[in-house]
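To start, the structure under review is shown below, and the notes come after it.
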Amino acid sequence: TATRFVEGMPLQITLNPAQPSGFFNGHMHNVSETGFAFWSKKEVPARTTLYVRDANTEGDGGWLQAWVTHCTRGIRGFLIGAAFGGNPRP
C-alpha cells in the first residue's frame with residue numbers, strides 16, 4: 001500500500017553478513033517505506049531473510065535486514081520483492 005519509487009541503484013546482497021565475501025550483486029527495481037524489489041541473477045526463495053546495502057558506498061556500509069516476499073523469474077534474472085525487517089508474516 002506504500003508508494004513505490006523507481007530507483008535503479010546497484011546493490012550488494014548477502015544471506016550471512018558475517019561472511020564478507022559471501023555477497024552477490026543485484027540492481028534495485030523500486031523502493032518504498034516498507035520494502036523494495038531488485039533484480040538478481042541468483043534465485044532467493046520467498047521467506048528467506050537477507051541483508052542488503054548500497055554497492056556504491058565506499059568502505060563497508062552497514063547491512064539492512066529484509067525478508068523475501070516473492071521471487072519471480074523474469075527477463076533480467078529473478079525479480080525479488082522484500083520487506084524491511086527480519087520477521088516474515090505468517
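Formation of a donor-acceptor pair under 3.5 Å by the T48 side chain with backbone atoms of V68 is not found in this model.
The nearest pair of heavy atoms linking L79 to A37 is CD1-CB, 4.2 Å. Residues Y51 and Q65 come closest through the heavy atom pair OH-NE2, 3.2 Å. Heavy atoms only, all atoms of each residue included: D54 and P10 are closest at OD1-O, 3.7 Å. In plain terms, the two heavy atoms of C71 and I80 that are nearest each other are SG-CG1, 3.8 Å. Summarising the geometry of F24 relative to V44, their closest heavy-atom pair is CZ-CG2, 3.8 Å, with the distance given to 0.1 Å.
Residues passing the ring-ring contact (aromatic ring centres under 6.0 Å, His included) test with F36 are F38, F84, sequence neighbours excluded. In this structure, the side chain to side chain contact (heavy atoms under 4.5 Å, CB included) partners of S32, at least two apart in sequence or on a different chain, are A2, R4, T34.
Distance check: H29 NE2 to R76 CZ gives 8.5 Å after rounding to the nearest 0.5 Å. In this structure, CZ in R47 is found 7.0 Å from CH2 in W67, a value given to the nearest 0.5 Å.
Atom CD of E43 has more than 12 heavy atoms from other residues, nucleotides or ligands within 6.0 Å.
By the rule that hydrophobic residues join a cluster once side-chain heavy atoms approach within less than 4.5 Å of another member, L11 and W39 end up as members of separate clusters.
A side-chain hydrogen bond (donor to acceptor under 3.5 Å, both in side chains) check over residues 11-26, counting only residues at least two apart or in different chains, returns the pairs Q12-R53.
Classified by interplanar angle (parallel below 30°, tilted 30° to 60°, perpendicular above 60°), the ring pair F23/W63 is tilted.
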